[in-house]
Amino acid sequence: MGCVCCKPSAIEDSKESPRVPSKTSSDLRASREGLSRREEACHSKNRYSNLSDGRGISIEKQTNRSVRLHADTFERNREKMEHVVAQHPAIGIIPKASEGEHVAAGWPPWLAAVAGEAIKGWLPRRADSFEKLDKIGQGTYSNVYRACDLEKRKIVALKKVRFDNLEPESVRFMAREIHILRRLDHPNVIKLEGLVTSRMSCSLYLVFEYMEHDLAGLASHPGLKFTETQVKCYMQQLLHGLDHCHSRGVLHRDIKGSNLLIDNNGILKIADFGLASFYDPHQNHPLTSRVVTLWYRPPELLLGATYYGTAVDLWSTGCIIAELYAGKPIMPGRTEVEQLHKIFKLCGSPSEDYWRKSKLPHATIFKPQQPYRRCVGETFKDFPAPALDLVETLLSIDPADRGSAASALKSEFFTTSPLPCDPSSLPKYPPSKEFDAKLRDEEARRQRAAGNRGQRPDHERRGDRESRAIPAPDANAELVASIKKRHFQSNSKSRSEKFNPHPEDVASGFPIDPPRPSHAAEASVDPQGPPHSRASHSGPLTNRATWAKEVRKSDKFSSGTHKVSSRVPTGMDLPPDDRMGRPITLQSEMPKLIGRFPGSFKETSESLIKDQRHPLQGFHNKEEGKSSNKDPILLGYGSMGHKIHYSGPLIVPSVNMDQMLKEQDRHIQETVRRARLDKAKAWKAQTQLSATSLFVSGR
Ligand SMILES: Nc1ncnc2c1ncn2[C@@H]1O[C@H](COP(=O)(O)OP(=O)(O)OP(=O)(O)O)[C@@H](O)[C@H]1O
């Protein structure tokens, strides 16, 4: 039997598992309590690993001599650079280097060429100084693994980012996350400890401290309920981390439970800076409004704001605090329109003054004819007063009224009894991530499908549903889904994987994820809940390259004070997909609609006034046939299992929203039907063809 360290884990099961020397039994001695045998191996002296970098694998796998020579030269250069580092007083820091020097230091040319700032002063870590253990998370642009850092002898998280190394824009986009992370240094912000790549490699891993939990996973864990002091403890840490980001000029732009990682000591760290951006406090540089996961997205972004600031993160924080008290997401919208509707129903619609001064791009379309009344206090009347006060402030419609992370930290919520507990006093939980909850949920669903559906008592089924994690639709789910569709049509593999098979993945047993078909349809009609984070389930078909291309099409890259690309939209809406993966947006549908229903927006709204309805009031609860305005704000949550609506045309003369949605549904069904027919025809033709050829060939 091989050593524990070498024994391939589930994800490392590969025919190409490396040949690693066996270890003696003494190597397997337990050195730390609570660590698995594989983890112990990480802390042992064994330097062998089944993870090796692109350079090593290329040499081993390829017989190409020039590659060998190249690698030798690289190794010599690397030694030189390591010598420089050794001479330098700050270990690991090398003086500002040029592109050539970066390459000499071991960075791949594609990275050195465009992301000098992000790698400045660092040396790449070698892949063979890590051993992958298991996959612990999956994001839109990444797969995350637990791994042993064999040099530092500790457990880390390796985030393998997806991008196209042949596309400078894609690399730049990916490098922005690194650059931002390196600007931040705070106990409540995840620490980027290094980068794993090599001169010959096409891939890149970000090395992070390992965090056992995330807030979404803990909050959705069956039977786990936070006390008030615990909620305060987590929220205090979140606000401290945010305060640090904001003070360093960074907007996170995707604050949500699954991005708040928590370690076994109760320390919360803000993670996933993939959508983060440097911002200009004077708001002179426009940014894209298509950020922040829908349920946590503030109204100004839904209304198309491109000049915004720290208040966007504060809105998301308000949603999270309320969610922790309410025990479920407070505004689980399925489309942007529905999200805005939910916000208006709970927080009231913007004041006349705000509409006037904000000049938001989508104001004409979304401004209700009659204002919505704010009912945060009534809805959350069971919350303790200081909690409610803070939620009221953070969920202010006008971003200027949300205050700052620093002012929130001074609020009564944190200064009155019960005070936030000490993180170290928090209970130790079993590893718990949104990802685990999704797996749990999938497993439960598989088991149900396997046979006992309908046989279990009702209350048990309800229990499942209540305990399941409710992943929020990802920030870019709409964009990603449409990109995925387009990409899938033209290309069955992401460019980086198609043209640059990662040798280290293949040869070290690192799995290359198989391309997956778009399952937007199944995801969006999931009767168990809201459309899942389609983005977070996206396979390699979605990569940063396509994303960057899309963003670039819509955004101008402004070289702000920080010389970092900020993204600004130019009117291209980034759409949610319908069941066919076809983007449906107000913008995309508008020309068609205008063609179909000649008339102006003005006429439309006038006709709606005549009907005594405005577009948002027109939303109806299909089941009850009543205006959903009467629904308690959380009804949306309870009704998630009902028929899914898709965001679509908003303005159709003389019809209310319900009719428009019906029209949209009908349109979708028609498209699905046509697609089925086409498929059937194609199949028939093909069968006839093969029958003919069989006949002709006489077989
Ligand atoms: N340092 C870490 N320790 C443990 N788990 C982590 C760590 N970093 C990330 N993860 C896990 O991996 C998941 C994906 O990571 P992350 O959110 O950074 O990726 P992403 O591709 O940017 O995702 P998103 O789709 O949210 O933009 C996280 O939700 C988390 O569960």
Side-chain angles (χ1 to χ4, degrees), residues 11 130 132-149 154-163 173-178 180-181 184 188-194 204-221 241 252-265 267-277 290-297 316 429 431-440 469 471-481 483-484 494 513 532-540 542-544 547 551:
I11 63 152
F130 294 88
K132 257 186 202 176
L133 297 173
D134 46 13
K135 184 167 168 178
I136 51 171
Q138 184 176 339
T140 319
Y141 308 114
S142 66
N143 284 324
V144 184
Y145 303 90
R146 196 166 60 101
C148 286
D149 182 336
K154 61 175 193 170
I155 302 290
V156 293
L158 286 183
K159 175 170 170 175
K160 183 183 181 189
V161 281
R162 270 188 223 123
F163 58 94
F173 183 84
M174 175 276 298
R176 186 176 67 173
E177 179 175 356
I178 300 170
I180 288 177
L181 280 163
L184 302 171
N188 299 120
V189 174
I190 196 77
K191 190 161 174 49
L192 178 64
E193 297 189 336
L204 186 72
Y205 289 83
L206 276 55
V207 187
F208 290 105
E209 50 198 323
Y210 174 69
M211 307 289 285
E212 287 80 4
H213 320 282
D214 66 46
L215 193 63
L218 284 181
S220 70
H221 205 276
H252 185 277
R253 306 198 301 179
D254 198 15
I255 293 294
K256 60 177 173 180
S258 58
N259 285 340
L260 304 178
L261 304 182
I262 296 169
D263 70 13
N264 269 340
N265 301 315
I267 303 295
L268 177 148
K269 294 180 194 259
I270 303 173
D272 189 3
F273 284 76
L275 284 180
S277 164
R290 309 300 302 236
V291 284
V292 188
T293 295
L294 200 55
W295 298 355
Y296 306 91
R297 196 181 299 173
S316 313
Y429 307 107
S432 190
K433 296 246 177 65
E434 190 186 74
F435 185 70
D436 302 318
K438 279 181 198 166
L439 294 182
R440 251 198 333 260
D474 273 62
N476 304 300
E478 302 101 326
L479 170 72
V480 166
I483 291 173
K484 203 157 68 170
S494 73
D513 304 343
H532 275 220
S533 35
R534 279 168 273 187
S536 69
H537 287 289
S538 60
T542 307
N543 64 13
R544 281 178 200 250
W547 151 260
V551 168

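We're numbering straight along the sequence, starting at 1. We count ligands from 1, going down the list as the structure has it; atoms in each ligand are counted the same way.
- Listed by number with element, the atoms of ligand 1 under 4.0 Å from a non-hydrogen atom of Y141 are 21 (O).
- Within ligand 1, the atoms closer than 4.0 Å to a non-hydrogen atom of I190 are 1 (N), numbered from 1 in the order shown.
- Distance check: H252 NE2 to I270 CD1 gives 6.5 Å after rounding to the nearest 0.5 Å.
- Residue contacts with ligand 1 leave out G274, since none of its heavy atoms falls under 4.0 Å from the ligand.
- A donor-acceptor pair is defined here as one N or O able to donate and one able to accept, closer than 3.5 Å; such a pair exists between the side chain of D254 and the backbone of T293.
- Within the 4.0 Å heavy-atom criterion, the part of A157 lying near ligand 1 is the side chain and not the backbone.
- With ligand atoms numbered from 1 in the order given, ligand 1 contributes 31 (O) to contacts under 4.0 Å with heavy atoms of D214.
- Of all the heavy atoms of T140, the ones lying under 4.0 Å from any atom of ligand 1 are found in both the backbone and the side chain.
- Counting heavy atoms under 4.0 Å from ligand 1, residue K159 touches it through the side chain alone.
- Taking all atoms of both residues into account, the shortest heavy-atom contact from S258 to A216 is N-CB, 3.5 Å.
- The closest side-chain heavy-atom distance from L261 to F208 is not below 4.5 Å.
- Taking any N or O of F208, backbone or side chain, none lies under 3.5 Å from an N or O belonging to ligand 1.
- Counting heavy atoms from C-beta outward, K191 and L184 have side chains that stay 4.5 Å or more apart.
- Distances between N or O atoms of E177 and those of ligand 1 include no value under 3.5 Å.
- In this structure, V292 and R297 approach most closely via the heavy-atom pair O-NE, 2.8 Å.
- Residues K159 and D272 are in side-chain contact: their nearest non-hydrogen atoms beyond the backbone lie under 4.5 Å apart.
- Within the 4.0 Å heavy-atom criterion, the part of N259 lying near ligand 1 is the side chain and not the backbone.
- Per-residue contacts place I136 under 4.0 angstrom from the following atoms of ligand 1 (heavy atoms of the residue considered): 4 (C), 5 (N).
- For ligand 1, the atoms closer than 4.0 angstrom to any heavy atom of S258 are 29 (O).
- A cation-pi arrangement is present between K132 and Y145, with the terminal nitrogen or guanidinium carbon under 6.0 Å from the aromatic centre and inside a 45° cone about the axis.
- Across G217, S142, G257, A216, heavy-atom proximity to atom 21 (O) of ligand 1 is greatest for S142.
- Residue contacts with ligand 1: E209 is placed with a nitrogen or oxygen under 3.5 Å of a nitrogen or oxygen of the ligand (distance criterion only).
- Atom CG of residue L158 and atom CG of residue N143 lie 11.5 Å apart, to the nearest 0.5 angstrom.
- Taking 4.5 Å as the limit, some side-chain heavy atom of L181 sits within range of a side-chain heavy atom of L206.
- For the pair D272 and ligand 1, the shortest N or O to N or O distance falls below 3.5 Å.
- In terms of modelled atom types and a separation under 3.5 Å, the side chain of D263 and the main chain of N265 share a donor-acceptor contact.
- Not a single heavy atom of A271 sits less than 4.0 Å from an atom of ligand 1.
- Heavy atoms of L275 found under 4.0 angstrom from ligand 1: none, in either backbone or side chain.
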